[in-house]
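Chain letters run A, B, ... following the sequence lines, proteins first, then strands; residues in each count from 1.
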Amino acid sequence: MSAKESVLAKAVWQETKPASPAVRNSRKRSVSDFLVYAAGAVLLFIVACALVPGWIAPYTPTEMLTDRIMQPPGGSHLFGTDYFGRDIFSVVVYGSRDSLLIGIASVAAGLLAGGAIGALAGYAGGIIDMVLMRLLEILMTIPGILLALAIAAALGPSLANIVIAVSLSAVPGYARVLRGQIMSIKGRPFIMAAHSIGTPGLSIFLRHVLPNSWAPLLVMGTIGLGTSILMGSGLSFLGLGVIKEVPDWGTLLSQGRGYLTVAWWMATFPGMAITLLVLSVNLIGDKLRDRLDPKHTRG
Amino acid sequence: MHPSRLMKSWQLMSAIALSFLVLLSGCSSGNSQRENQHSTSGGKVKAQGSDQPGTAAKGGQLSFALATSPDTLDPQRTGLAVAVRVLRTLYDTLVIQGTDNDIQPSLATGWEVSSDRKTYTFKLRQDVTFHDGTPFKAEAVKFTFDRILDPATKASNSAQLIKPYASSEIVDDYTVKIHLTTPSNAFLSNLSQAQLAIVSPAAAAKDGEQFGKNPIGSGPFKFVEWQENAQIVVERNPDYKWGPGNVENKGAPYLERLTFKIVPEEATRLGGVQSKQVDAAETVPPQNILQLKSDPNFQVFSINTGGLPYTLFINQENPPWNELKARKALQLAIDVDAIVKTLYLGTYDRAWSPLAPTTLGYDNTLENGVKADVEKANALLDELGWKAGPDNIREKDGKKLTLRYVDGSPNREKRNDIAAMVQQQLKKIGVLTEVTITKDVRSIVHEQSNYDIHGNSQVNSDPEALRNFYHSEIKNMAGRHNYPALNSPEVDEWINQGTVETDKAKREEIYKKVQHYIIDNAVIIPIYVFPYTVAALNSVQDLKFDALGYPLFNDVYIQNKP
Amino acid sequence: MIRTLTARLVSSIMVVLGALVLVFVIVYLLPGDPVFTILDPATATPEMIAGMRAQLGVDRPLYEQFWDYAGGMLQGDFGKSLLNDEPVLPKIIAHFPATLALTVASSLTAAVIGIWLGVLSAIHRNRWLDVVVRIIGLFGISMPTFWSGILLILIFSVNLGWFPAMGSDGWQTLVLPALSLGLVGSGFIVRLVRNSMLEVINEPFIVTLRSKGISERLVMYRHALRNALIPALTMIGVLIGDLLAGTVVIETVFSRQGIGRIISDALMAKDLPVVQGVIFFSAIIYVLINLLVDMSYSIIDPRVRRLNARRQAS
């Protein structure tokens with residue numbers, strides 16, 4: 001692992017010695033616990049919005065009440081109305097679907113592809129490892145947003161293409177972390193032992209290597225979820241987003257930004273929705289890291 | 001321990017302050033607009049030139065924020081309207097077009113047209129020099145126009161505008177004969193467009209491909225520098241004394257310096273004027289037009305452009321839109337009034353005709369001729385046998401009634417939002433609208449012609465512009481049809497007549513017939529007339545606009561009101 | 001040391017060559033005919049199209065195009081813009097300083113805010129100030145930069161009039177864009193500094209220092225922070241690549257010059273030589289930064305030097 005990777009890993013995943021129990025079992029721990037619960041509640045609510053928007057939203061998100069455009073928050077419109085006269089709260093509730101979809105699908109696709117490459121490289125080693133890592137290194141030279149921009153421009157605007165664009169730029173990250181984990185586990189005595197008694201390679205991989213490697217990927221995934229949603233909104237800003245009947249939050253924010261001095265609520269609520277979602281996911285990711293890091297729990 | 005505690009609480013305070021600033025800014029900026037204007041006037045960001053003493057001598061410097069970057073400052077190569085705003089300051093044209101569409105002298109003092117209308121003889125001004133010192137002579141005219149035909153120039157819009165130019169003949173230093181292959185009524189007004197402005201032959205020959213970065217013309221301002229994506233600076237041409245008829249100041253402009261800033265982000269551009277970092281900004285969104293109009297510190301200009309208004313073209317190639325009743329149903333179901341009122345808040349005019357109101361031959365009897373009527377629209381679709389299926393979408397022979405609406409990205413002039421509103425309105429008559437917003441209009445619309453509705457507009461000086469959109473000889477890149485796939489021998493004939501008819505009144509009548517046909521047959525749905533808008537500080541005086549809505553800076557000076 | 005260096009250099013060159021191929025593939029996949037970057041599709045005749053195609057050389061076989069492209073790029077000839085024939089490499093070089101200035105300024109902002117908040121967070125670990133600070137750090141990561149950028153313009157330009165909203169001349173124009181980009185980077189650094197400091201706090205030598213009665217503040221700033229600085233600075237090196245990419249959005253928001261603006265404009269206009277030029281250029285920069293970060297890190301931190309030596313031995 002190069003020096004750079006070790007630092008990166010440290011920011012994401014604590015590689016080094018655990019903090020002492022004295023620090024971790026501080027009596028004020030409940031403050032950060034409370035935050036995690038709050039984050040969990042926010043996340044649950046957003047997921048509920050995506051699953052059953054009809055139960056939460058008071059209006060149809062596409063309904064344009066052209067006689068009440070740009071009404072400030074309050075009264076019958078919790079978040080106000082936009083320049084079409086749509087109820088912003090309802091649009092945001094329904095918009096959670098595509099926003100979550102962009103985030104979850106990109107992370108899933110990136111994890112699957114990156115995980116597979118990383119596992120193959122880490123487990124096979126040798127020439128396969130070298131070739132795969134070189135290829136990833138080449139992919140990494142092109143900054144994520146540029147890659148996403150070029151792909152979105154090449155493939156045209158659709159939700160699937162944004163997912164491809166965003167997930168492709170995340171592949172090297174996942175691949176490297178999983179490879180690193182596998183490399184560090186591979187040499188351990190219990191794996192060696194399994195090999196020596198003739199356990200098939202795939203079985204060793206599934207039963208021993210993978211269970212010991214998924215934790216950092218999960219943590220990275222939570223962080224990647226936020227990054228994907230932000231990158232998706234960045235593409236919307238640059239005019240490469242998907243415009244659907246019910247837009248995702250990034251598109252809503254991007255559409256409302258020209259109205260900040262006239263009707264601040266149009267951009268602010270979708271923006272806050274994005275920020276809250278990413279914030280919650282990150283808080284939970286932090287917590288997961290504390291819980292799942294084996295070196296932590298040993299301490 | 002005490003000092004450290006003090007330290008901590010200070011750090012705490014600042015951390016909280018930082019977070020609150022970021023969080024609450026959205027609210028504070030919305031509600032305290034008026035109050036802000038006062039605070040900025042004493043702020044540290046000062047407008048260039050706005051501090052000039054308000055003495056009798058007119059002068060000052062002006063910074064003007066453009067919404068996009070010009071592609072080149074070579075008039076013959078540019079394909080962008082934004083470049084024209086800068087080109088107008090650097091170059092002159094042979095003639096100019098007045099606001100009532102009459103053609104007036106500029107670099108040409110007069111002209112004669114041969115009886116076959118294929119030869120124009122121009123007499124030229126004798127007192128004009130280009131910025132590089134080259135005197136303006138007949139040779140420059142010939143050079144400029146021949147240059148357009150030379151493929152090495154990679155001419156863009158100018159290649160279209162110069163048609164049907166054949167050749168130039170230098171009679172003497174100040175007389176030039178221009179030969180056309182066929183007569184054209186649009187030729188003179190096309191000569192007034194900046195893409196056909198006369199360039200310095202010496203400079204253009206010397207700089208070749210790089211002329212667009214080192215532009216030399218004979219205009220009221222001289223080129224100083226172009227910092228790409230940042231600004232284009234021009235300065236007063238002190239020798240200028242050949243100002244055209246559409247400006248009062250025929251001599252050197254009052255402004256010493258004019259800086260075009262390139263600011264693509266709308267909020268930033270407007271923020272630049274509001275914080276007085278720039279003196280003026282173009283393309284003001286409707287919501288800000290209203291906001292700034294009510295503010296005594298600012299003035300807002302809004303000039304309707306000529307040519308074709310923003311129009312939804314219905315592609316007749318694909319059924320059922322080849323049937324008049326189906327298109328009529330769209331015409332009745334799309335509530336253009338609601339669209340224009342909601343999205344443009346009364347700052348844009350509704351369009352009624354394929355031509356904009358300021359264009360020659362505009363037929364004002366079409367105004368208020370179409371009224372939204374959902375019931376009638378439904379009845380028309382019923383007659384065609386499209387019956388409501390499940391989820392209220394009409395069906396016929398197992399096919400859903402769908403309409404593919406293709407629009408370009410980014411959301412210029414809220415055109416994507418029009419698509420969103422049309423989609424909702426057409427739901428009421430059981431039409432499923434599939435909206436595609438794409439960066440790649442070129443391949444979807446022009447190459448594959450894969451659309452039922454596509455919107456477009458064109459700023460133009462002559463009704464001849466109708467040819468490119470409605471004449472059946474014009475084909476898209478698939479070689480199939482024109483924009484609306486209109487194939488009407490009548491319309492073709494009228495457009496051909498309009499090109500050669502010399503009598504102005506008769507010509508107008510011809511174009512009125514075209515306009516009536518297009519609306520009566522629901523070939524298109526005109527939406528709005530595009531106004532060129534500029535927000536400026538009150539210190540900016542005498543900003544004027546030409547017939548096509550491009551700004552003229554010859555008369556502008558800076559004076560702060562007491 | 002020399003062997004490590006050579007090995008790194010060779011692999012860097014291989015990566016650059018790979019990027020060269022990747023860039024060609026990406027640009028080749030972009031839809032639309034480059035001919036229509038110049039010609040108006042509504043009016044161009046088939047002859048005009050064929051002529052322009054020949055002039056641009058896009059009618060030749062693909063391998064020939066690639067050969068020309070690769071040969072040109074490696075010799076520093078990035079071609080000319082389709083829109084105005086401007087040579088691409090000089091254009092990039094002319095705009096790079098503005099992007100570099102923004103990247104450096106936002107790295108500094110990220111470092112200052114990140115280290116400051118990270119230290120605060122570590123000192124007040126697990127108390128509510130820690131929680132507040134960590135949330136602020138997370139806010140930086142959680143806000144779309146174009147939104148925070150516009151908010152900063154509204155507060156500091158329109159409302160307060162402290163800093164200009166646009167432009168790229170003078171340090172004043174750097175403040176707001178660097179702040180909005182730096183907030184993103186600081187989020188990562190807060191986390192890293194906090195973790196690194198907490199690691200050190202329980203080392204025996206710190207415990208000894210504490211028992212000697214040295215004040216908590218001195219312990220934290222003198223000893224714990226010093227240990228957190230190297231990883232934090234390395235993190236900034238790592239982040240520079242991301243910050244560089246972040247300029248694509250921020251340069252548009254603040255209407256700054258720079259290569260981020262160039263590429264987004266070129267993508268919109270389908271100006272392919274510019275697109276491939278900028279992507280390849282940024283790939284080279286990325287490789288260079290990584291090389292520098294790795295080398296400086298192995299110079300600064302003896303542990304890595306030893307690790308490298310061991311890797312070579314095995």
Side-chain angles (χ1 to χ4, degrees), chain A residues 60-70 72-73 79-86 91 149-150 152-158 161 235-247 251-272 275-276 279, chain B residues 22-33 36 264-271 274 284-292 335 337-345 405 407-412 414 416-421 423-425 427 432-440 443-444:
Chain A
T60 317
T62 51
E63 193 183 3
M64 295 173 178
L65 308 160
T66 49
D67 54 336
R68 345 178 177 161
I69 57 171
M70 290 196 260
F79 288 178
T81 60
D82 66 7
Y83 57 89
F84 291 115
R86 296 182 302 195
V91 182
L149 260 178
L155 301 180
S158 82
N161 291 342
L235 288 179
S236 287
F237 169 79
L238 292 168
L240 288 164
V242 191
I243 315 242
K244 294 179 47 172
E245 246 188 301
V246 182
T251 308
L252 275 176
L253 173 58
S254 175
Q255 285 174 344
R257 70 184 195 272
Y259 289 83
L260 269 171
T261 57
V262 184
W264 56 267
W265 51 93
M266 275 171 53
T268 304
F269 289 111
M272 275 172 48
T275 307
L276 267 181
L279 195 68
Chain B
V22 175
L23 260 175
L24 297 177
S25 54
C27 324
S28 65
S29 56
N31 296 335
S32 52
Q33 202 54 49
N36 304 333
E265 178 56 25
E266 212 170 76
T268 315
R269 201 162 61 244
L270 269 292
Q274 288 173 322
V284 190
Q287 67 273 20
N288 297 101
I289 293 181
L290 294 180
Q291 182 193 18
L292 292 179
D335 186 350
D337 271 333
I339 291 174
V340 174
K341 218 177 79 194
T342 305
L343 295 180
Y344 306 105
L345 307 166
Y405 189 129
D407 195 23
S409 166
N411 189 7
R412 185 179 148 203
K414 300 187 196 296
N416 296 169
D417 299 331
I418 295 177
M421 287 194 77
Q423 187 175 39
Q424 296 310 317
Q425 291 174 348
K427 261 189 195 167
L432 179 69
T433 311
E434 292 169 356
V435 177
T436 307
I437 308 287
T438 175
K439 278 232 164 303
D440 202 21
S443 46
I444 295 180

Margin query: Can you tell me which portion of Leu345(B) sits under 4.5 Å from chain A's heavy atoms? Options are side chain, backbone, both or neither.
Written below: side chain
Note to self: Met421(B) vs Thr342(B), test: side chain to side chain contact (heavy atoms under 4.5 Å, CB included). Steps then yes/no.
What the structure shows: CA-CA 10 Å; Met421(B) 287 194 77; Thr342(B) 305; 3.9 Å; yes
Check: Between Phe269(A) and Trp264(A), how do the two ring planes meet: parallel, tilted or perpendicular, split at 30° and 60°?
Finding: tilted
Item checked: Heavy-atom contact with chain A under 4.5 Å, split by part of Ala420(B) -> both
Notebook entry, point to check: Measuring heavy-atom distances to chain A, does Gln425(B) have an atom under 4.5 Å in its side chain, in its backbone, in both, or in neither?
Noted result: neither
Check: Looking only at heavy atoms, which two atoms of Pro286(B) and Lys414(B) are closest? And how far apart?
Finding: CD-CE, 3.7 Å
Item checked: Heavy-atom pair count under 4.5 Å with chain A, highest-scoring of Asn411(B), Asp417(B), Thr433(B) -> Asp417(B)
Notebook entry, point to check: Which atoms of Gln424(B) come close to chain A, meaning under 4.5 Å heavy atom to heavy atom: side chain ones, backbone ones, both, or neither?
Noted result: side chain
Next item on the list: In plain terms, say whether Arg86(A) and Asp82(A) are close enough for a salt bridge, that is, a side-chain N and a carboxylate O under 4.0 Å apart.
Entry: yes
Next item on the list: In sequence, state the C-alpha distance, the side-chain angles, and the governing distance for Leu343(B) and Phe84(A), and then conclude on side chain to side chain contact (heavy atoms under 4.5 Å, CB included).
Entry: CA-CA 7 Å; Leu343(B) 295 180; Phe84(A) 291 115; 3.8 Å; yes
